[in-house]
S.K.: 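A single structure is presented below for examination.
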Amino acid sequence: MAKLITLTPSEFKSIITECTKLALNKAKDFFYYPKYPIINEAKSYGGAFKVKNLGDIVSTKDKCLVSEGIDWDIPHADKGGIIVFSTDVNAVELSKNKLVNFIKQKFATFANRIGATKKIDTIANNHELVGWTIGHYLDGRYRAKNGKNFGENSLSVELVGISEDKLIKIAEDICAVFQQECVLVKSYSTGRIMFVNPD
C-alpha cells in the first residue's frame, strides 16, 4: 500500500526548483550554442526553408499540397564546408612602426601567395584530411573589425566529410598560418555561415 507523504510549502518549492535545474542542465545537451555568430541564421520557420535549401512548397490553385520540394533522405552529419580567406596580410598589425609594418605585411603577403598550397597541405596533414580542393584566386572585398575596407586576392578551400567543429578548427589554423584577422566559413552540415578567427 502506498504511503502518503506530507510536504511543507518550502520543501515542495525546493523539490520543484531542484527538478527544474536538472531539466535545464539536461536540455543544454540538446541545444547547440555556437562559438561564432551565425550570419545566415533563420529568424522564422519560413526562413529555415531558405537557409536549409529545402525548396519551395508547391500547391495547386485550390491550395492542395502537391510537393514540398524536400529530399527526405537523411543527410550525413559530416558534410564538410568551404573556407574563404585572403592571402594578403593587411588587417593584422605586425609592427608598431608604420613603415616596418607595411614592409612586413608585403613580405608576409608574398610568402602567403607563393606558399599557399604548401601551407594548406600542411594544415590538411595535421588534421588528417583525406581530400580537399583549393580554389583559384578570387577578387574579394572585406570590411575588417577596425572598419577599414580591403580589396584583395582570396583563396577557397573546400573540405568534405568532416564535422562542423573540425571545419572551424581548420579555419582557425588557416587564419593563424595566413596571419588573417578572420576567415569566412560555410558549413555544408548546417548551412551556417560565420567569420572565424584564431583567438
Side-chain angles (χ1 to χ4, degrees), residues 24-43 45 47-55 70-92 94 108-109 111-145 150 152-199:
L24 288 175
N25 284 336
K26 196 68 177 163
K28 286 179 186 175
D29 297 339
F30 295 103
F31 296 103
Y32 175 74
Y33 297 101
K35 180 179 175 183
Y36 298 102
I38 308 304
I39 295 170
N40 67 332
E41 191 162 32
K43 306 283 188 262
Y45 180 75
F49 277 89
K50 291 178 185 169
V51 170
K52 296 290 185 182
N53 296 322
L54 295 179
I70 298 173
D71 183 8
W72 291 101
D73 188 20
I74 298 170
H76 192 268
D78 298 339
K79 288 185 175 180
I82 190 164
I83 303 167
V84 179
F85 60 97
S86 174
T87 55
D88 293 1
V89 178
N90 52 16
V92 175
L94 301 177
T109 297
N112 281 349
R113 288 187 183 170
I114 63 169
T117 302
K118 187 175 182 180
K119 288 179 179 185
I120 296 294
D121 289 347
T122 302
I123 292 168
N125 289 334
N126 291 343
H127 288 277
E128 299 176 351
L129 298 178
V130 177
W132 58 95
T133 58
I134 302 172
H136 61 81
Y137 282 98
L138 309 166
D139 185 19
R141 297 282 183 258
Y142 305 92
R143 182 184 310 271
K145 288 181 184 175
F150 296 99
E152 50 203 30
N153 291 320
S154 298
L155 280 178
S156 66
V157 176
E158 187 172 31
L159 309 159
V160 184
I162 60 170
S163 67
E164 185 175 281
D165 290 338
K166 190 166 190 175
L167 179 69
I168 289 172
K169 286 182 178 115
I170 293 167
E172 289 171 343
D173 288 354
I174 287 173
C175 197
V177 167
F178 283 87
Q179 297 176 314
Q180 295 300 304
E181 186 179 56
C182 62
V183 298
L184 182 70
V185 176
K186 178 173 183 180
S187 170
Y188 294 156
S189 300
T190 61
R192 293 182 172 123
I193 299 172
M194 61 200 98
F195 285 108
V196 173
N197 58 41
D199 300 330

S.K.: I want to check something: taking the side chain as every heavy atom from C-beta on, are Y188 and L167 in contact at a cut-off of under 4.5 Å?
M.R.: no

S.K.: To the closest 0.5 Å, what do you measure between CG (L159) and OG (S187)?
M.R.: 11.0 Å

S.K.: Tell me, please, which residues at least two apart from K166 pass side-chain hydrogen bond (donor to acceptor under 3.5 Å, both in side chains).
M.R.: none

S.K.: Hey, does F195 have a side-chain heavy atom less than 4.5 Å from the side chain of E181?
M.R.: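 No; the side chains remain at least 4.5 Å from each other.
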
S.K.: Is there a donor-acceptor pair closer than 3.5 Å between any side-chain N or O of Q180 and the backbone N or O of D88?
M.R.: yes

S.K.: Quick one: CE on M194 to CG on L184, what's the gap to the nearest 0.5 Å?
M.R.: 9.5 Å

S.K.: List the residues meeting side chain to side chain contact (heavy atoms under 4.5 Å, CB included) with S156, not counting sequence neighbours, and say none if there are none.
M.R.: I82, V84

S.K.: Identify the heavy atoms of V185 and A171 that sit nearest to each other, and give their distance.
M.R.: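 Reported closest heavy-atom pair: CG2-CB, 3.4 Å.
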
S.K.: Mind listing the closest non-hydrogen atom pair of C175 and V196 along with its distance?
M.R.: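 Smallest heavy-atom distance, with atoms named: SG-O, 3.9 Å.
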
S.K.: Return the NZ to CD1 distance between K186 and I83, rounded to the nearest 0.5 Å.
M.R.: 14.0 Å

S.K.: Quick check: do I162 and I170 have side-chain heavy atoms less than 4.5 Å from each other?
M.R.: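 A side-chain contact under 4.5 Å exists here.
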
S.K.: Enumerate the side-chain hydrogen bond (donor to acceptor under 3.5 Å, both in side chains) contacts for residues 122-131, please, sequence neighbours excluded, ordered by first and then second residue.
M.R.: H127-D173

S.K.: Please step through side-chain contact (heavy atoms from CB on, under 4.5 Å) for the pair F85 and I120, ending with a clear verdict.
M.R.: CA-CA 12 Å; F85 60 97; I120 296 294; 3.7 Å; yes

S.K.: Between K79 and S189, what is the shortest heavy-atom contact and its length?
M.R.: N-OG, 3.0 Å

S.K.: Do you know which two heavy atoms are closest between N112 and V177, and how far apart they sit?
M.R.: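 Scanning both residues completely, I find the closest heavy atoms to be OD1-O, 4.2 Å.
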
S.K.: Taking all non-hydrogen atoms of both residues, which atom of F178 and which atom of S86 are closest, and how far apart?
M.R.: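 Smallest interatomic distance, heavy atoms only, reads CB-O, 4.4 Å.
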
S.K.: Would you give the length of the straight line joining atom CD1 of I174 to atom CD1 of I123, rounded to the nearest 0.5 angstrom?
M.R.: 5.0 Å

